[in-house]
Amino acid sequence: MAALCESFTLCGLGPSGGVGLGGGLLALEPGPDPDHVLLTDRGRTATLFKVSDHKPLGCWSVKHGQIITCPVVCNFETHEYIAVHNDKVLRIWKNKDINLDKVFKATLSADVYRIHSLPNGGPVVLFKGGGVRTLDVLLEAPQQKIENVISDEVIKWSEAFTEGQYPVLIFATEKDGDFFVYVQKLKMNSLHKYKLEQQELSKPLNFTAYIKNHIITLLCLYSNDSVYKVLIPLHQNTEEEEQILSKSLLLNLSVSGSVLKGTSFVVVDKDHIAVLGSLAASGEESKECLTIWNTKFQTLQTLKELPLGTSGQLWCYEEKFFFTHGKVLTVIMYKCETSSLAAAVGKLKDSQTPDVSPFVNWNTLGDEELVVSLQSQQSVALKSESGMTLRSKRNTAEVQPDTLSVGQLLLNLKDASTTVLEDELRQLMSKAQMPDFQATIGCVITALINRCKTNPNYYPRNFLLQIVQTRDLSYSLCPDLMAVALEKKDVHLLQICLQRFPDIPEEITYACLKVFLSISEAYLQRIDVNLESVICYIDIEFNDKEVKTEIVENGFNAELEQDIWDTEFTKETHLMADGEFCPVGPQKAALLNAVLHSAYSDTFLLPHLKNLPAQQAVLFLRYLYYLYVKCSEKINTTLPGIRSPTINQIMDWMCLLLDAHFTVMVMLPEAKKLLSSLHKFVRAQVRFYSELNKIEGSLRELQRLNHQKDCQTYSIEVLELI
Amino acid sequence: MGEFEVHRVRFFGLVPAGVRCLACQPRGGRLALARTDGTVEIYNFAANYFQEKVIPGHEARSVEALCWAAGGRLFGAGLGGDITEYDLARLCAARALDGCGGPIWSMAANGGGTQLAIGCEDGSVRLFQVVPGGIQFERNLDRRKGRILCLSWHPSGTHIAAGSIDIIRVINVSSGQTVQRIMVNYHVQKVKRECIVWSIAFLSSGTVVTSDSFGRVQFWDWDRGTLLESHTVSTSAVLSLAVSENEDSIVVGTSTGATYQFQLLPVKMGSLEKRWVRTKPFQHHTHDVRAVAHSSTALISGGLDAQLVIRPLMEKMQKKGYDAVLRKFTFPHRRLVSCARKARLLLFQFSQHLELWRLGSTDETGKDGEVLPLCRMPEHLVQLKSKGPEHIYCSCVSPCGSWVAYSTASRFHLYRVQYEGDGVSIEKVPKVPKLLLPAYQLQFSSDSGSLFVASHQGSVHVLQLLEPGGCKHLRTFRPPSGSSEAVYLLASSADGHWLATVGGDWVIHVYDLKCFKHHCTVPTYSCAVTALAIHPVTNNLVIAYSDQQLFEFSIPEKQYTAWSRTVQNCGLHKAWLERDSPITHIAFNPKNPSHILLHDIYMFCVLDKSLPLPDNNTLLMNQSTLKQLPETARQRQLHAFKICKKFQPLLFADLLDENCLVMVERPIMDIKTQLPLPIQQKKFGT
């Protein structure tokens, strides 16, 4: 029995999602540790994910103009990452490296097709010309000549195994409709070439292979919707040229009249394969789905519809399937048990019953699906596990007229004009609390956002603001909202979202911070931003430098002041060091305060914060320092005003920022001055508090003595009874 | 209601004596307790563990063991070598018989309570027969070397197990021969120290349980002489051991102050095989737990820190109630302080001496909680030492302060105290009337003209005090129906008209002092009276019972007052009824007839009869809440009980005048500093 279990989104792949930047994925490779995967996109970036935490752990990019051409792999022995960009340039780095420009680099003499990393053996490099080298050999002489063995054939697919502790590489090539398979045993340095048996009117689309008992089993997915099996013995001594490999039909991907047009497939276990493709029944439009098939009984085990479409790529690691679904990378866990005929047959019958998922993926709320989900609106939020069921049961005719209204409305309004749409939605929002109102709002926002995405000119700024301000929304309810707002640089909406959403991912928090820091003050002055968090402590007219403030009482001493005067600071930085003037305008300060206020986890924020440009980091640190000095002015170390940052938030961000940009801070000259004044201030505070500590000790002792005095044997006291 | 000037007195240096032994009355509701100073106390389980009887100690009469025998007779034996029978009606040692074996370390009664066995210093075990009017020597059992520290009869009465040093013996009662000797430290390798068997119990199954100075509780098969089980409960000695009546639970006390319960539990659910398992540890004491007892519902332990701890077994409790609460008694349930209101003197009663103190004064006033500066310090005027080995039963100072009286078991003393400026002269009144002693309670009339002496058989003697220093016996009141029990509480009216008495049978008699006749009997209420007093204005008798009930009885009308009926109808507040220490003194405010002043160890209460009674939904201790409320809002929250818990532990409280109170506290810490250091124990983090 095989079954698909719950699914979750590992990361977004959209323009806002951070990974892929719209280009899609190049490949997914296992990471250095279990539960880690390395994601390489068709651009410049590779990201390391911890799958169970749904969180990126590290991200590396090559320079602008360069492009990663070969999936990044991990050398399991050294825990180094290996990438190839621009076909020939090899890069090797470790976890702690940040900038790929500064890591090991080797330029090779031929184009690399792929690098295969084997769990117990070094990585193996396959060149486009069919040459194979282990990485060690290659690194000894990067410019060594690589032979071309396949003349003008094109490599379509490759895979590597370990056989008897030595790597074996298998790759398939194509030339003029003919397919060839090469098996390279690196130990013997022997290369076998085979020709795949011709198949009329169809050709292989995809390959997968595994090795067992010294026999490579090559599975080929053919365009006639069948999977064929080819056996290639490893120990073959005949030197015969171009053996023809005969294939046998393993599986026909058709079930009760509908045919699965597979695009990619993986071997799940000895009896099961998973195929990603589109299922087309006669007379119906095809739908993409992920299927698991039993090869022993030739039955469909389970099926999951993927209405948002896929990129046709499927990976499988550690009992999880990875594939792109819409604009996200989705992970589905599966269970595969030893197949029995009864189970296999039994499943076939109810293969129409979709799988059950305990999670609702709000990302899957696409346009047409939205309607369906709204039809069953009441059950979506209350019984989310059945949500998926209902959603995919689009043929279900049980439609309740009154619950249909919202969904239908949204569908009807899909093509309505902007004003009509907003009016209608406003009316909808003003309705009394319906059941699952929260979910409905989520749908409305999603609908709006989708409209924004399709129509770049459309952006209902005020309407969105109104919804966010009046409703208790959360990030997970409308994940694309902030992405769109970021895109549109709608800082006011972002500010409100940061203040109101309890569950913003660190990635988005960082994106907001970056946008806030990068927007020019002049632009901000024209924008309406909520200033209530800064109005009480920033001198709005900070151009008036004659306003003399009182001497900082808390933590400052004369010696320190003297120190600062003695040092030859420029006037500007001195003023800054004094903490008198805010380094940013009030609008920007208010926005930054919103970031300071949002919840985050150090571990997940730190990797993003590392990407903050140095100048912005220094500006941010300067602002944090300003806040810190401001806080320390008051004996209760709190800033006045509503939603003003607390001293702990300021300190945490300061530490985090210094952690993230330690090297940058050390290098930058202007940061040096800032850091030195910050250090002096902190040192003065530490001294001050240690003095307070001493006083506290004495006071406590005095208190104790007082108490002792109390225990006398006789006293006359006044007692009042009421 | 008002402000009081409180004289907070902490110079009463009472140190209660440690608990030496405990004995639960078999199938009875009483617990006998002996202290290291020889005092014997009786606690009544049915009366909320009220300490109903106290037999003061005697220098020469230490008590090492107490036994209930022949029904309700109580015997004690000690290092003096005598076996003493206590007269629980007259509260004195009735008769004593020499055990003829040197100091007696242990005593045990057989199951029927007909025979007593004593374990002596000389290693002998002697049998005595309990006969009407005393005990008779029966015979000596096999004598071996080594003092017998503990004894236990087999429930069938055929064998006695005796614990000594390094050894336990089992003696056949009929033959008198030692039938088994077990070396208790046989299993311990190379021990140089001797192993003292502190306590022993003989179970009907034939198992002998011992506790010893190595901290072990061991179970032996006496027949084979083999060790069945050994539990090391402590690094220091296990001093005491007691078995429940149905032999399924054992409580042991150690010298570190911890007590442990052992239970006989099935090895598996539903299994017939049972083993002794150490189940519950308790740490209620700071010092040696010299005595433990096992009642049917509670574990009882007494330590050298003078505490008696009653720890109820929750599994034996049917409902949450008074019995289900942990109780700790450190102080006696009677007052040891008397107060001369007019002269502002306090008389403190110690076991063998009295102290007379004059209170200080102030001329300042202040707000609630303020400590006022003193213009005169308190003064220790006189220390009166009682001659002879007997401890003091009771004492009293007259309201004017010029008379002090006290009584021991055999002597009654009356002193005339004169104050000349700063000097004090004290003069013994010669030729006091020969009364049948001891006196159990003394009370001067409010005009200091006569002295009431509570005596045995429910009688009260009235002595007339004569100036300049004499007295004569005026009259003796006896309850018309007769009584065997001694009177333990007295109350006289301010107008000198009435006298109320309570005896050990808990019957309250009221006598008319003008006509010298019995006036009436208060309807009997089946609980011990803990305090009573007559209102100076209304002549209502206010009675506090050990179940925390309060009654008001109009003496002139011979019936309960309307207020008392209201109280009984409404019921007292739950929190009031659940208090665990009895009211020990009642006083009144003559200027405010509706006020009754009450106190127990933990609280002082002014009961204002003019205010509504609190119901169970309101807060009983509401003083701190009231203080935060504005004047107008207070009115609605007021109720009759105005409780102050600021002064603890409160041994005595009285009203000196209209708005002046005296509170005598005895902080526990002050007692602890007087005790020897407990066994040093390593505690984490110290």
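Reckoned from all heavy atoms, side chains included, excluding hydrogens, waters and symmetry mates. Just so we're clear, the structure is a prediction, and the values are computed from it rather than from any experiment. Reminder, nothing fancy here: chain letters follow the sequence lines and each chain counts from 1.
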Value rounded to 0.5 Å, distance of CD in B/Glu3 from CG in A/Leu719
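Answer rounded to 0.5 Å: 9.0 Å.
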Between side-chain atoms of residues 371-381 of chain B and protein atoms elsewhere (two or more places apart, or another chain), which donor-acceptor pairs fall under 3.5 Å?
{"residue": "B/Arg376", "atom": "NH2", "partner": "B/Leu359", "partner atom": "O", "Å": "3.1"}
{"residue": "B/Glu379", "atom": "OE1", "partner": "B/Arg358", "partner atom": "NH1", "Å": "3.1"}
{"residue": "B/His380", "atom": "NE2", "partner": "B/Val382", "partner atom": "O", "Å": "3.3"}

Between side-chain atoms of residues 639-653 of chain B and protein atoms elsewhere (two or more places apart, or another chain), which donor-acceptor pairs fall under 3.5 Å?
{"residue": "B/His639", "atom": "ND1", "partner": "B/Phe641", "partner atom": "N", "Å": "3.1"}
{"residue": "B/His639", "atom": "ND1", "partner": "B/Phe641", "partner atom": "O", "Å": "3.3"}
{"residue": "B/His639", "atom": "NE2", "partner": "B/Leu619", "partner atom": "O", "Å": "3.0"}
{"residue": "B/His639", "atom": "NE2", "partner": "B/Leu620", "partner atom": "O", "Å": "3.3"}
{"residue": "B/His639", "atom": "NE2", "partner": "B/Asn622", "partner atom": "ND2", "Å": "3.3"}
{"residue": "B/Lys642", "atom": "NZ", "partner": "A/Ile722", "partner atom": "O", "Å": "3.0"}
{"residue": "B/Lys646", "atom": "NZ", "partner": "A/Glu717", "partner atom": "OE1", "Å": "2.9"}
{"residue": "B/Gln648", "atom": "NE2", "partner": "B/Tyr602", "partner atom": "O", "Å": "2.8"}

I need the residue from B/Gln623, B/Lys627, B/Glu665, B/Gln637 with the largest number of non-hydrogen atom pairs under 4.5 Å to chain A.
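Max contact count across the listed options: B/Gln623.
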Partner chain A: residue of B/Pro667, B/Cys660, B/Gly366, B/Gly2 with the largest heavy-atom pair count (under 4.5 Å):
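The answer is B/Gly2.
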Identify the heavy atoms of B/Val606 and A/Leu721 that sit nearest to each other, and give their distance.
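For B/Val606 versus A/Leu721, the nearest heavy atoms are CG2-CD1, 3.5 Å.
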Just wondering, are more than 12 heavy atoms of other shown residues or ligands nearer than 6.0 Å to CZ in A/Phe662?
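Counting other residues, nucleotides and ligands, CZ of A/Phe662 stays at 12 neighbours or fewer.
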